Asks: 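First, the structure itself, so that you have it in front of you.
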Amino acid sequence: MPQGQPSVVPDDGLTTRQRRNRPLVVVHTGIGKGKSTAAFGLALRAWNQGWPIGVFQFVKSAKWKVGEENALRVLGASGAGGSVDWHKMGEGWSWVQRDDQMDNEEKAREGWEQVKRDLAAETYKLYVLDEFAYPMHWGWVDTDEVVDVLRNRPGTQHVVITGRNAPEKLVDLADLVTDMSKVKHPMDVGQKGQRGIEW
């Protein structure tokens, strides 16, 4: 573990151990590549600790098979670490809004309702809400409600939310926020996504 003194020690009455073990809300946002990849990296760490993990993929097509899904399902089934449940809530691509969004909007809301039930039941130790910033940004899911539910979630449940345009209220609530900026990307010069890199 990194050693040293923090720049600020809150006057919250918590011991160092209590503060260290606080459940976190983590947000990966911005226009750069790597938001979901980083979240799935955290899921690998959580799996290694034996934590139950719930992955909720919003917006991405249920037909889309990402490499992290296969790897985490295999690891979860291995019995060597934590369990992994994978849920796909939406259809279409996160970076293209389709004309017929009503079906996707309903699925996103249904997904959020399931997340709320799981948080209330303390089903998982780590939640990966992949591309969940989009339903909030598009107004499909109420950001104020999300912030309230996350602020008041019971137990020691960590929540990671990915997606561009994370609402300011969510960013304000979060304990850790990373804005993935883009310097260069192969797609800028016409190169399409490729196996092993994008999926």
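What you see is a predicted model; the values in this text were computed from it and never measured. Only this structure's heavy atoms are used, side chains among them; waters, hydrogens and symmetry mates stay out.
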Asks: For Lys35 and Thr29, test the side chains for any donor-to-acceptor distance below 3.5 angstrom and give the result as yes or no.
Replies: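 There is no such pair between these side chains.
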
Asks: Per the salt bridge (charged side-chain N to carboxylate O under 4.0 Å, His left out) rule, what does the pair list look like for residues 132-142, sequence neighbours excluded?
Replies: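 Found none.
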
Asks: Carefully, step by step, assess Val149 and Val147 under the rule side-chain contact (heavy atoms from CB on, under 4.5 Å).
Replies: CA-CA 6 Å; Val149 167; Val147 167; over 6 Å; no

Asks: If you define the side chain from C-beta out and look only at heavy atoms, does anything of Met136 sit under 4.5 Å from Val146?
Replies: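 Yes, close enough: below the 4.5 Å cut-off.
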
Asks: Look only at the side chain of Arg153 and the backbone of Leu119, and say whether a donor-acceptor pair between them is shorter than 3.5 Å.
Replies: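 Checked: no pair found.
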
Asks: Do the side chains of Val141 and Phe132 get nearer than 4.5 Å, heavy atoms only?
Replies: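 With C-beta onward as the side chain, the pair touches.
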
Asks: Walk me through it: do Asp175 and Arg22 pass the test side-chain contact (heavy atoms from CB on, under 4.5 Å)?
Replies: CA-CA 10 Å; Asp175 303 285; Arg22 280 186 321 114; 3.3 Å; yes

Asks: State yes or no: are the ring centers of Phe56 and Trp86 separated by less than 6.0 Å?
Replies: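 Centroid distance Phe56-Trp86: not below 6.0 Å, so no.
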
Asks: For atom CZ of Arg117, decide whether the heavy atoms of other residues, nucleotides or ligands shown that lie under 6.0 angstrom number more than 12.
Replies: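 More than 12 heavy atoms, drawn from other residues, nucleotides or ligands, come within 6.0 Å of this atom.
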
Asks: Under 3.5 Å, is there a donor on one side chain and an acceptor on the other for Tyr124 and Gln157?
Replies: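 Their side chains do not contain a donor-acceptor pair, so the 3.5 Å distance test is not met.
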
Asks: Would you say the side-chain atoms of Thr143 pair up with the backbone N or O of Pro167, donor to acceptor, closer than 3.5 Å?
Replies: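 A pair under 3.5 Å: no.
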
Asks: State, to 0.1 Å, how close Pro23 and Gly155 come at their nearest heavy-atom pair, and which atoms those are.
Replies: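 Reported closest heavy-atom pair: CG-O, 3.7 Å.
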
Asks: Quick one, Val84 and Val74 - any side-chain contact, counting heavy atoms below 4.5 Å?
Replies: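 Answer no - side chains too far apart.
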
Asks: Counting C-beta onward and ignoring hydrogens, is there a side-chain heavy-atom pair between Ile161 and Leu170 closer than 4.5 Å?
Replies: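 Ile161 vs Leu170: side chains touch.
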
Asks: If you measure from CD1 on Ile53 to CZ on Arg45, what distance do you get to the nearest 0.5 Å?
Replies: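 These two atoms lie 12.5 Å from each other.
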
Asks: Between the side chains of Lys88 and Glu69, is the shortest nitrogen-to-carboxylate-oxygen separation below 4.0 Å, so that they form an ion pair?
Replies: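 Salt bridge between Glu69 and Lys88, a charged N being under 4.0 Å from a carboxylate O: yes.
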
Asks: With a 4.5 Å cut-off on side-chain heavy atoms, are Gln191 and His185 touching?
Replies: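 No; the side chains remain at least 4.5 Å from each other.
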
Asks: Shortest non-hydrogen contact from Arg19 to Leu14?
Replies: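 Closest pair (atom of Arg19, atom of Leu14, distance): NH2-O, 3.1 Å.
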
Asks: Using every non-hydrogen atom in the two residues, find where His28 and Ala38 come nearest and quote the distance to one decimal.
Replies: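 Smallest heavy-atom distance, with atoms named: CE1-CB, 3.5 Å.
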
Asks: Can you name the nearest heavy-atom pair linking Ala120 to Pro154, along with the distance?
Replies: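 Distance-wise, the nearest heavy atoms are O-CG, 4.1 Å.
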
Asks: Test Asp118 against Tyr127 for side-chain contact (heavy atoms from CB on, under 4.5 Å), laying out the working first.
Replies: CA-CA 9 Å; Asp118 284 328; Tyr127 295 73; 3.8 Å; yes

Asks: Do Ile31 and Val177 share a hydrophobic cluster (ILVMFWY, side-chain heavy atoms under 4.5 Å, transitive)?
Replies: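 Different clusters: Ile31 never reaches Val177 through Ile, Leu, Val, Met, Phe, Trp or Tyr contacts under 4.5 Å.
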
Asks: Of the non-hydrogen atoms in Leu126 and Ala43, which two are nearest, and what is the gap between them?
Replies: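 Minimum heavy-atom contact is CD2-CA, 3.6 Å.
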
Asks: Do NZ/NE/NH1/NH2 and the carboxylate oxygens of Glu113 and Lys116 come within less than 4.0 Å?
Replies: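 Salt bridge between Glu113 and Lys116, a charged N being under 4.0 Å from a carboxylate O: yes.
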
Asks: Just by modelled atom types, is the Arg17 backbone N or O under 3.5 Å from a matching donor or acceptor in the Asn21 side chain?
Replies: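 Side chain of Asn21 to backbone of Arg17, a donor-acceptor pair under 3.5 Å: yes, one is there.
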
Asks: What's the spacing between His137 NE2 and Arg164 CZ if we round to 0.5 Å?
Replies: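 The distance works out to 10.5 Å.
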
Asks: Nearest 0.5 angstrom please: Met187 CE to Gln194 CD, how far?
Replies: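 One gets 9.5 Å once the value is rounded to the nearest 0.5 Å.
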
Asks: Just how far is it from atom CG of Asn70 to atom CZ of Arg73, taken to the nearest 0.5 Å?
Replies: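 It is 9.0 Å, given to the nearest 0.5 Å.
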
Asks: Does any donor atom in the side chain of Trp112 or Glu145 lie under 3.5 Å from an acceptor atom in the other side chain?
Replies: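 Yes - a donor-acceptor pair under 3.5 Å links their side chains.
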
Asks: Is any side-chain heavy atom of Thr37 closer than 4.5 Å to a side-chain heavy atom of Glu68?
Replies: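 Yes, their side chains come closer than 4.5 Å.
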
Asks: Under 3.5 Å, is there a donor-acceptor pair between the side chain of Asp85 and the main chain of Gly54?
Replies: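 Such a contact is absent between Asp85 side chain and Gly54 backbone.
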
Asks: Could I get the full list of ring-ring contact (aromatic ring centres under 6.0 Å, His included) partners for Trp51, not counting sequence neighbours?
Replies: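 Trp51: ring-ring contact (aromatic ring centres under 6.0 Å, His included) contacts with His158.
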
Asks: May I ask you to decide if Leu75's main-chain N or O and Ser78's side chain share a donor-acceptor pair within less than 3.5 Å?
Replies: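 Such a contact is found between Ser78 side chain and Leu75 backbone.
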
Asks: Flag the pair Phe40 / Leu72 as yes when at least one side-chain heavy-atom distance between them is below 4.5 Å, and no otherwise.
Replies: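 With C-beta onward as the side chain, the pair touches.
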
Asks: Which heavy atom of Val27 sits nearest a heavy atom of Ala174, and at what distance?
Replies: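 Nearest heavy atoms, Val27 then Ala174: CG2-CB, 3.7 Å.
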
Asks: Please check if the side chain of Gln49 supplies one atom and the backbone of Ala46 the other of a donor-acceptor pair under 3.5 Å.
Replies: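 Not a single qualifying donor-acceptor pair exists.
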
Asks: Give a yes or no on whether Val159 and Val171 share a hydrophobic cluster (residues Ile, Leu, Val, Met, Phe, Trp, Tyr; joining criterion: side-chain heavy atoms under 4.5 Å apart).
Replies: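 Shared cluster, yes.
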
Asks: Within this structure, what is the CG-CG distance for the pair Leu24 and Leu150, rounded to the nearest 0.5 Å?
Replies: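 Leu24 CG to Leu150 CG: 12.0 Å, rounded to 0.5 Å.
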
Asks: What is the distance from atom OH of Tyr134 to atom OG1 of Thr162, rounded to the nearest 0.5 Å?
Replies: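 Going from the OH atom of Tyr134 to the OG1 atom of Thr162 covers 7.5 Å.
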
Asks: Are Lys169 and Asp144 close enough that some pair of their side-chain heavy atoms sits under 4.5 Å apart?
Replies: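 Yes; the side chains approach each other to less than 4.5 Å.
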
